[in-house]
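Letters A, B, ... are given to chains in the order of the sequence lines, protein chains preceding strands, and every chain is numbered from 1.
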Amino acid sequence: MKSAVVSLVEKALKAAQAEGSLPEVKVQINIEYPDKKYGDYATNVAFLLAKQARKNPREVAEIIAHHIKDPFVASVDVAEPGFINLRMKESWWNSIIEQILRDKEHFGDCNLGNGKKVQVEFVSANPTGPLHIGHGRGAAVGDSLCRILQKAGFAVEREYYINDAGRQIRMLGESIWARCKELKGEEVKFPEDGYRGNYVIELAKEALQKFPDILNMPKEKAVERLAEWGKDKLLEKIINDLKSFNVEFDSFFSEKSLHQEGKIEEALKVLKEKGYIYEKDGALWFKSTELGDEKDRVVVRTNGEPTYFAADIAYHRDKMKRGYYLCINVWGADHHGYIPRVKAAIKAMGYDPEKLKVLLIQMVSLLRDGKPVSMSKREGEIIPLRWLIDEVGKDAARFIFLTRKCDSHLDFDIEVAKRQTEENPVFYVQYAHARICSIKRIAEERNISLNPHQSDLSLLKEEEEKEIIRKLSQFPDIVEASARNLEPHRITYYLTDLASLFHSYYNRFRVLVEDKALRNARFALCEATRIVIKEGLRLLGVSAPEEM
RNA sequence: GCGGCAGUAGCUCAGCUGGAUAGAGCAGCGGACUUCUAAUCCGCAGGUCGGGGGUUCGAGUCCUCCCUGCCGCGCCA
């Protein structure tokens, strides 16, 4: 609820300026949560104005503090060296509970986005194999980010870029083809960079059933057909896996379509017209160095084929033309070196590179009881996301993927995630939700009346109760900060904190007490907590079970 | 070599886009279930925020220089 406090301080500042005690300078009013002993809210405006007001911060603070008048404010203090500390009345805190009970899951919605269109492109894994753990983290971050941005008032579009063209798809076809041969007992040299995962063998078995005469066809033709068919099968599997991970997309963008519709040529033509294309060694190069890249990049190979990068230029041109307020790409951190050239291309085509934000997702190290699980790519031995979901569950996987800043390494311990104990942060939060549901259930069973909406919240006198309310009041700020900084992990931390406060409270106090008025008041607090936990979990794509 | 990211408690990590005495979980030790779910709670301990310099009322946070680790640096995608 910082925004309400901001406007309150703003009003005081304007009043002070109007009477001439402070100069008319614009400042950003910043509200913080100070240590409890100082107050409920604090602001540092005085420091920001001190220089131009030619007064010391303390004096400025006194002037502003003097003008703060609001029915919700209990006291205003100025502390050295110039902080203004506010303490709010009980009615302020109670109104927050009322607001949560009234707004329900809409509590924390904000208008940061103001309906502006934002596109988030994530996962975009090649349809040449199943999703692995790394994709899972990207999926969790991307999807959660979308949910948060939506709550913050953006019109979000989720897109998956399908790399369905080029060498790797052909290689998929060759790999399946080779496996078909082997299944028929024929000696065949498996392609050097082929896909060696078991799923290729499965595909080959299926292909032999579906296309009985596939091996009688000329190799080129067979490979092409198998590539096309295999790619579709794998994409279907990817989409299914994502669905079980609670992730769905609004649109799929095909790289192949860029080739087919001449979009690549178009994009390159634009670059050429602007003078960013030159020929060298029989290839066409993009002068990305002029726009901040380390070296120039080939866009059309000697053999006349456009590079992957050329397609990506066309893809980003298409995105830019679609007129988003912001495009967010969620990439694996190993692609970081790729950012400058894409930004260079965007700039070269006359768009603002700031329209593109790239989120880099760091590697996930898989552990089992603290020991690393080998993830060697040898023999295509990757750990599939599907396996992880089956092993630890969708909720645990998503939550744990979101327990770190996305650009930090993540240690994912499968045994801890599976363990249904205190070590597991997912259950900790879900349990708090379930406990509140349980209170309600018990009350119904025992015919105990509960009416959170008609409760006298002033009965909530305990320090633990006030702590919870303070925390609840921060939810909108956390949502906004997560959206502003594109950092879903803030929600995860917030929920853990909130759950912790609730568990403490639950252990120390009873909700279903004899005193009806107190019972209702406490239950109102619980309901508000439940609503916020459930909504927070929703933002993470994690379920909020009513019993566990 | 160049570039990106990181370095905070024994371990894994937060730290609100510069704020007041740097936090949490785990691991360790000791306690709490005839009560609304013990998947929980309560208490104890733990620090040169990698190092130096700088910017200012104020730096874990910003600038600079070192040290260390991970990762990128294809006419691969």
So which nucleotide does G72(B) pair with, by the Watson-Crick or G-U wobble rule with both distances under 3.5 Å?
C2(B)

Rounded to whole Å, the CE-P distance (M363(A) to G4(B)) equals 18 Å

What interatomic distance, in whole Å, is found between C1' of U8(B) and the corresponding atom of U61(B)?
12 Å

Shortest non-hydrogen contact from R484(A) toward L112(A)
NH2-CD1, 3.4 Å

For C29(B), measure the glycosidic angle (O4'-C1'-N9-C4 for a purine, O4'-C1'-N1-C2 for a pyrimidine) and name it syn if it falls within 90° of 0, otherwise anti.
anti

Under 4.0 Å, counting only non-hydrogen atoms across every strand here, what does A434(A) touch: a base, just sugar-phosphate, or nothing?
base

Given E464(A), E467(A), E465(A), the one that forms side chain to side chain donor-acceptor pair (under 3.5 Å) with Y505(A)
E465(A)

With heavy atoms under 4.0 Å as the rule, sort I442(A) into base, sugar-phosphate or nothing.
sugar-phosphate

Tell me the closest heavy-atom pair linking P340(A) and H336(A), and the distance in Å.
CD-O, 3.7 Å

What nucleic acid atoms does Q474(A) come within less than 4.0 Å of, heavy atoms only: base, sugar-phosphate, or nothing?
nothing

Ion pair E487(A)/K405(A), N-O distance below 4.0 Å:
no

Between D40(A) and R470(A), is the closest basic N to carboxylate O distance under 4.0 Å?
yes

Among A39(B), C16(B), C57(B), find the nucleotide with the atom closest to the side chain of F47(A).
C57(B)

Minimal non-hydrogen separation, A314(A) against L258(A), with atom names
CB-CD2, 4.0 Å

At under 4.0 Å between heavy atoms, what does D293(A) touch on the DNA or RNA strands: base, sugar-phosphate, or nothing?
nothing

Parallel, tilted or perpendicular for W331(A) and H335(A), by the 30°/60° rule?
tilted

Any salt bridge between R441(A) and E444(A), counting N to O under 4.0 Å?
no

Can you list the steps and then say if K231(A) with E228(A) is a salt bridge (Lys or Arg N to Asp or Glu O under 4.0 Å)?
CA-CA 5 Å; K231(A) 173 206 80 189; E228(A) 189 63 20; 3.0 Å; yes

Separation between the P atoms of C41(B) and G3(B), rounded to whole Å:
48 Å

Go through the N and O atoms of the side chain of N44(A) and the base of G19(B), and report whether any donor-acceptor pair is under 3.5 Å.
yes

In whole Å, what separates the P atom of A59(B) from that of G50(B)?
15 Å

Between R167(A) and D193(A), is the closest basic N to carboxylate O distance under 4.0 Å?
yes

Between the protein and nucleotides 75-77 of chain B, which nitrogen or oxygen pairs are less than 3.5 angstrom apart?
unit_1	atom_1	unit_2	atom_2	d
C75(B)	O3'	R301(A)	NE	3.1
C75(B)	O2	T302(A)	N	2.8
C75(B)	O2	T302(A)	OG1	2.9
C75(B)	N3	T302(A)	OG1	2.3
C75(B)	N4	D281(A)	O	2.9
C76(B)	OP2	R301(A)	NE	2.6
C76(B)	O3'	R301(A)	NH2	3.4
A77(B)	OP1	R301(A)	NH2	2.4
A77(B)	OP2	R301(A)	NH2	3.1
A77(B)	OP2	Y308(A)	N	3.2
A77(B)	O3'	Q168(A)	OE1	3.0
A77(B)	O3'	Q168(A)	NE2	3.0
A77(B)	O2'	N126(A)	ND2	2.9

For a quick check, with a 4.0 angstrom heavy-atom cut-off, what is the B/S/- contact string for nucleotides 5-15 of chain B, read 5' to 3'?
S------SSSS

Taking atom C1' in both C33(B) and A27(B), compute the distance separating them and give it to the nearest angstrom.
25 Å

Do the charged groups of R341(A) and E294(A) touch, with an N to O distance under 4.0 Å?
no

Just name whichever nucleotide pairs with G53(B), Watson-Crick or G-U, keeping both distances under 3.5 Å, else none.
C63(B)

In whole Å, measure the gap between the C1' atoms of C73(B) and C65(B) for me.
24 Å

When rounded to the nearest Å, what value does the distance between P atoms of C76(B) and C66(B) take?
36 Å

If each of L512(A) and F83(A) is mapped to the nucleotide of RNA chain B with the nearest heavy atom, which maps nearer the 5' terminus, i.e. the 5' end?
F83(A)

For G60(B) and U12(B), measure between their P atoms and round to the nearest Å.
23 Å

Which of these passes ring-ring contact (aromatic ring centres under 6.0 Å, His included) with F83(A): Y41(A), F47(A), Y38(A)?
F47(A)

So what does A42(A) hit on the nucleic acid, given a heavy-atom distance under 4.0 Å: a base, only sugar-phosphate, or nothing?
base

Produce the list of close N/O pairs, under 3.5 Å, pairing protein atoms with atoms of nucleotides 32-35 of chain B; give distances to one decimal.
unit_1	atom_1	unit_2	atom_2	d
U35(B)	O2'	R510(A)	NH1	2.9

List the atom of Y428(A), the atom of T496(A), and the distance in Å for their closest heavy-atom pair.
CE2-O, 3.7 Å

If pairing means Watson-Crick or G-U wobble with both distances under 3.5 Å, then the partner of A24(B) is U12(B)

What is the nucleic acid contact for H336(A), judged by heavy atoms within less than 4.0 Å: base, sugar-phosphate only, or nothing?
base

Across the strands shown, which category fits A50(A) at heavy-atom distances under 4.0 angstrom: base, sugar-phosphate, nothing?
nothing

Would you mind classifying the nucleic acid contact of K2(A) as base, sugar-phosphate or nothing, using non-hydrogen atoms under 4.0 angstrom?
base

So which nucleotide does G43(B) pair with, by the Watson-Crick or G-U wobble rule with both distances under 3.5 Å?
C29(B)

How close or far is atom P of C26(B) from atom CD1 of I400(A), stated in whole angstroms?
14 Å

Between S504(A) and I84(A), name the one whose nearest nucleotide on RNA chain B is closer to the 5' end.
I84(A)

Which atoms form the tightest heavy-atom contact between A417(A) and F427(A), and what is the distance?
O-CE1, 4.3 Å

For A45(B) and C29(B), measure between their C1' atoms and round to the nearest Å.
9 Å

